[in-house]
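Computed over heavy atoms, backbone and side chain alike; hydrogens, waters and symmetry mates excluded.
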Amino acid sequence: MAGAASTALAVVGGGPGGYAAAFLAADLGLDVTLIDLEPNPGGVCLYRGCIPSKALLHVAKLVEEAREASAWGVRFGDPEIDLDELRAWKDDVVAKLTGGVGQLAKHRRVRYLRGIATFRDGRTLRVDTRDGDETTLSFEHAILATGSRPTRLPGFPEGSDRVLDSTTALELRDVPKRLLVVGGGYIGLELGSVYAALGSKVTVVEMTPSLLPGVDADLVRPLAKRLEDKLEAILLETRVAEVVERKDGLAVRFEGKGAEGSPGKARRFDRVLVAVGRRPNTAGLGLESTRVEVGDDGFVRIDSRRRTAEPTIWAIGDVAGQPMLAHKASHEGRVAVEAIAGRAVAFEPRAIPAVVFTDPEVAWCGLSETEAKRDGTKVEIARFPWAASGRAKTLGRDDGVTKLVVDPDSERVLGVGLCGPGAGELIAEGVLAVEMGATVEDLALTIHPHPTLSETIMEAAEAFSGRATHIYRPRRGHSSER
């Protein structure tokens, strides 16, 4: 059954970017239609990404802390994992959040269509709904917010339930005895940590010389050291050469540094999780019927206001380029809506925070030391080791670090990085410092509560000038060490 409708703003994709854009547009008085396949808005983030993975990571952290509490004189029995109950709890968290977002859409009178949208031209969408109907939707403006999907690698058994991606891994079908994680980035390490805590013997294989490629080495080091104790093996500078499915599992042959000592010999795993990144969802949307331009990398080309080459179509989130983060998508959505509403805005953040929710967490924002070295930017680094933090000591977790990347002339804070428990909660202060153009003196003079981990940011700032209370560093100018 075909129908026709019109709307001021059509938002294609109901993830954090899409629904944030739809809600703001409704708040500004626009007639809004939000299109997605799920029962409620939420997208990959709420249904199959950020939220379910963090729920499971919380459980993993609880299990690990229970195991480590014996060092503090508290002993528990071995944890009993009821996968059915754990899965149900995780699904309940997702249902409550997505249901809440659905109610917010109704309160704002956002029209929600469950279906697949395809552009007919720069003013019209065809929506194939789940109940088999087809709707022609004309719009004044459209925001493309279709997100991304896991990247697939060739050479892995097609259709095998032994080969997982980030979506199927979150279904928790079982806890494999031996799990191989292909990819040492944030997705692989987060999900690998979950399965390790639940009882899997986890091996991580990564092609580059380091876990979390591109992240500053001093931030990765405490995590890597802790993972060496948690995981069965970490194989760096190694690639998967061959995967063969057998009755007793998957036979995997490696090439590179990790294969030394057993060249050509296959190792057996019960399941393999492929976590080598994500690809933007730009195919199959009918964009060829518009003037929207898609680059060779699959990302939609946009301007600073998130407008595409088609004046009526805007793009945000994972389809609009790196970094592929939910909070970046939400902010882009707000910028696009304000631009549509005629306001003078642009997406020009100085700092977009990134967090790896492993244990310990790794978080950073702004300019990193790695980027500064690559680009030849002159910076000075101030560090505060968590071994000197009273709060870190009381947590039994003093292996972390806080660092500041500072402009040596103006002493402005250009970047902040942390590794340690709760780093993701702490990084917002760093984002604010970079966005506000704060100097290290501003951070040093800001009174932080004691005893807290937030003090490490203050003391890193004090260390820049050689005035940190709980560590000794020569005054700035007397030594190059920070």
Side-chain contact, heavy-atom cut-off 4.5 Å: [X] with [Y]?
X      : Y      : result
Glu228 : Ile234 : yes
Leu418 : Trp386 : yes
Leu56  : Leu86  : yes
Asp31  : Arg111 : yes
Leu144 : Leu287 : yes
Lys225 : Asp399 : no
Ile143 : Ile340 : yes
Val194 : Ser53  : no

Taking atom [atom1] of [X] as the centre, report whether more than 12 heavy atoms of other residues, nucleotides or ligands fall under 6.0 Å from it.
X      : atom1 : answer
Met324 : CE    : yes
Glu435 : CD    : yes
Asp82  : CG    : yes
Arg67  : CZ    : yes
Lys201 : NZ    : no
Arg279 : CZ    : no

Which heavy-atom pair separates [X] from [Y] by the least distance, and what is that distance?
X      : Y      : value
Asp297 : Pro280 : O-CG, 4.0 Å
Val202 : Leu231 : O-CB, 3.4 Å
Lys90  : Pro52  : CD-CB, 3.6 Å
Ala22  : Val110 : O-CG2, 4.0 Å
Ser389 : Leu453 : OG-CD2, 4.1 Å
Asp318 : Leu325 : OD1-N, 3.8 Å

Pair [X] + [Y]: basic N to acidic O under 4.0 Å:
X      : Y      : answer
Arg397 : Asp359 : yes
Arg226 : Glu64  : no
Glu455 : Arg391 : no
Glu441 : Arg467 : yes
Glu338 : Arg305 : no

Using a 3.5 Å distance criterion without hydrogens, assess whether the side chain of [X] forms a donor-acceptor pair with backbone atoms of [Y].
X      : Y      : result
Arg87  : Leu172 : yes
Thr282 : Gly298 : yes
Glu371 : Ser368 : yes
Ser330 : Pro16  : yes
Ser465 : Ala461 : no
Glu459 : Thr469 : yes
Thr146 : Asn281 : yes
Glu332 : Gly317 : yes
Ser210 : Pro213 : no
Arg306 : Ala336 : no

Practice prompt. Among Asp407, Val405, Leu404, find the one that has a side-chain contact (heavy atoms from CB on, under 4.5 Å) with Val379.
Written response: Val405
Item to complete: Report the C-alpha separation of Leu170 and Leu191 in whole Å, then their side-chain angles, then the decisive distance to 0.1 Å, and conclude whether the side-chain contact (heavy atoms from CB on, under 4.5 Å) test is met.
Response: CA-CA 8 Å; Leu170 288 170; Leu191 291 176; 3.7 Å; yes
Item to complete: Give the C-alpha distance, both sets of side-chain angles, the deciding distance and a yes or no for side-chain contact (heavy atoms from CB on, under 4.5 Å) between Thr358 and Lys230.
Response: CA-CA 12 Å; Thr358 45; Lys230 286 184 178 183; over 6 Å; no
Interatomic distance, [X] atom [atom1] to [Y] atom [atom2] [nearest 0.5 angstrom]:
X      : Y      : atom1 : atom2 : value
Leu414 : Glu380 : CG    : CD    : 11.0 Å
Tyr47  : Leu97  : OH    : CG    : 10.5 Å
Met458 : Thr446 : CE    : OG1   : 9.5 Å
Phe464 : Ile381 : CZ    : CD1   : 9.5 Å
Leu104 : Tyr19  : CG    : OH    : 8.5 Å
Ile313 : His141 : CD1   : NE2   : 11.0 Å

Fill in: Intermediate values then yes/no, side-chain contact (heavy atoms from CB on, under 4.5 Å), Val319 and Leu285
CA-CA 12 Å; Val319 296; Leu285 297 173; 5.8 Å; no
Practice prompt. Show the numbers, then the answer: is there a salt bridge (charged side-chain N to carboxylate O under 4.0 Å, His left out) between Arg48 and Glu38?
Written response: CA-CA 11 Å; Arg48 298 176 298 280; Glu38 299 293 349; 2.6 Å; yes
Worksheet item: Who passes side chain to side chain contact (heavy atoms under 4.5 Å, CB included) against Thr168, sequence neighbours left out?
Response: Leu164, Asp165, Glu171, Arg173
Worksheet entry | Verdict with reasoning, His327 to Ile352, per side-chain contact (heavy atoms from CB on, under 4.5 Å) | CA-CA 8 Å; His327 44 277; Ile352 300 176; 4.2 Å; yes
Worksheet item: Using 30° and 60° as the class limits, which term best fits the ring planes of His450 and His470: parallel, tilted or perpendicular?
Response: parallel
